[in-house]
Structures are given as structure tokens and as C-alpha cells.
Amino acid sequence: MFSIGDFAKHGRVTVRMLRHYDAIGLLRPAHVDPFSGYRSYTGEQLARLNRVIALKDLGFTLTKVQEILEAEIGTDELHGMLRLRRAELEAAMEADEARLKAIEARLRSIESEGTMPSEDVVVKSLPAVRVAELTGTASGYVNEEIGPVVGRLYKELFGALGPITPSGPLIAYYEDDADGERVLIHAAVTISAETDRTEGFSTVSLAEVESAATILHRGSMETMLSSYQVLAKWVDAHGYRASGPAREFYLECPEDGDKWVTELQQPITKA
């Protein structure tokens, strides 16, 4: 048998934790000296301790841990729960990383308040372009809502293109849906090949734009906020208003999203 101190050392837990597990009936010592009150544990009890710690680290409450242990689940089930929890944690980490990037973009916008880098904005015409596109919806303009939809649409679009080779950059643009509650997301790519409209995507002609305010954004989609706001402030300060949905013209899309180069294009007209 092991003293409570030795058992804690072998289980990589604290004595205080073992006393708490004893108090709530989660892990009773194998023997308690009736005179001294000293607790003793057996080597076989390490198996139960390992399950307690694993389940607690998976996010279960101690009450739920006790219920699971009383149900005597097997090792395979524990591994399954571990895999599920790992996937949940990885998804949460990705979401947290996206939120951090969004916060950084918001801070950059705050830091740029009071400045107007007008030299970064270029007004030009946009030629008409023929594209293959798929459309989806998101519940809002927050990047963590839009980003996954855009990624999914482009994956499906390139699967549907088959032998058709894109003849130009990717283009994305967004519109409010009819009731204004959701965002319509158009994921498109320039094509020149003829289609018979049975390929699993829409063939759309984006009209020529006589005048558009444009700005180059260098970085991932998560950091576009500051560039969009610079463009919006410039449009307003120079007496224009938006005359159609803005387009994202992806000029360079390397594997490292932080190295993307995107031209943001806002059709404008005099206010």
C-alpha cells in the first residue's frame, strides 16, 4: 500500500485533491487507520485515478465523472470521448485565433482614427467580367461567420469547374438578402470558356463599373476590417456614396494567408 503522499506523487496529483475526492466519494482510500486517520491506497487504484483526471480534463464536472465511472465505461469509449473533446478544443482554439485576429484588425482601425491615408486609395473603372460562381448565406458580416462560408463555397466551386480553367483571379462580393437579416455571399472566379449551365455553378456577367474606389489590402481575410474602413472613410470624405456591392479581387493567394494581396473595390457615385 501507499501513503496518501506517495500515492499523490505516483498519480501526479496533490494530497489536497485526493482528500477532496475522498470527501465526495469519488476515490476512497483502500484503508483508513481508525486511530491516526491516515489514508492508504493500493497500486490498482491508480487506474481509477487516471480515469478521474482524464475525464475531468475533458471538461466533465466531478459529479458527471462519478456517474461515468459508476457506469464502468471501457477504454475504447474513453478514447472516443478523448478524440471528441480534442476536436472540440481544436475548433475552439481556431475560433479564438480568428477572434484575436479580428480584435487586432479592430485595434488597427482605432489606431488609424483621425488619419486619412488618401494616397492608398485609387479611383478607376472596372471592366465587365464573366465569372463562374456559387452563392451561400451567412448570418452577418463578422469574419468568423463569413470566412467558413467563403472557404466552403470555393472548395465546391473548384470541384464543379472540372476541366474549366480559371482565366483570372478569384472575386468575392457580398449583398444583404431580401429581408436584410442575412448576407448573400458570392464566391466567383473569372472564366472565358463556354458553359452549358449544367456544370453545378452559375455563370454570371459582372457589369462594367464606371468608377470604383479601390485599395490594396495585404494580409488575411481576418485583417481586412481596417482596409475596408479606410476605404469607407475616403468615400464619405470625398463626397461619394457606394453604388453597389464591394468586390474582393484576390490578386495573390499563397498558402500563407498573411501574405495574401487583395484589391478591395467599392463602386461609387457622387452623393
Here the pair of heavy atoms bringing T223 nearest to S220 is OG1-O, 2.9 Å

Got a salt bridge between E210 and K124, using NZ or NE/NH1/NH2 to carboxylate O under 4.0 Å?
no

Linking I/L/V/M/F/W/Y whenever their side-chain heavy atoms sit closer than 4.5 Å, directly or via other members, would I171 and F158 fall into one cluster?
no

Working for side-chain hydrogen bond (donor to acceptor under 3.5 Å, both in side chains), residues T135 and H186
CA-CA 5 Å; T135 302; H186 303 271; 3.1 Å; yes

Does the side-chain contact (heavy atoms from CB on, under 4.5 Å) test come out yes or no for I185 and V183, once each step is laid out?
CA-CA 6 Å; I185 300 173; V183 181; 4.3 Å; yes

Side chains of T190 and S167: is there a donor and an acceptor less than 3.5 Å apart?
no

Would you check if there is a donor-acceptor pair between the side chains of S40 and H31 at a distance under 3.5 Å?
no

For [X] and [Y], take the angle between the two ring planes, folded into 0 to 90°, and tell me which bin it lands in: parallel under 30, tilted 30 to 60, perpendicular over 60.
X    : Y    : result
Y240 : W234 : parallel
W260 : Y250 : perpendicular
Y174 : Y141 : perpendicular

Working to the nearest 0.5 angstrom, can you tell me the gap between Q45 CD and M1 CE?
7.5 Å

Go through the steps for Y21 and Q66 under the test side-chain hydrogen bond (donor to acceptor under 3.5 Å, both in side chains), then give the verdict.
CA-CA 10 Å; Y21 291 167; Q66 192 155 12; over 6 Å; no

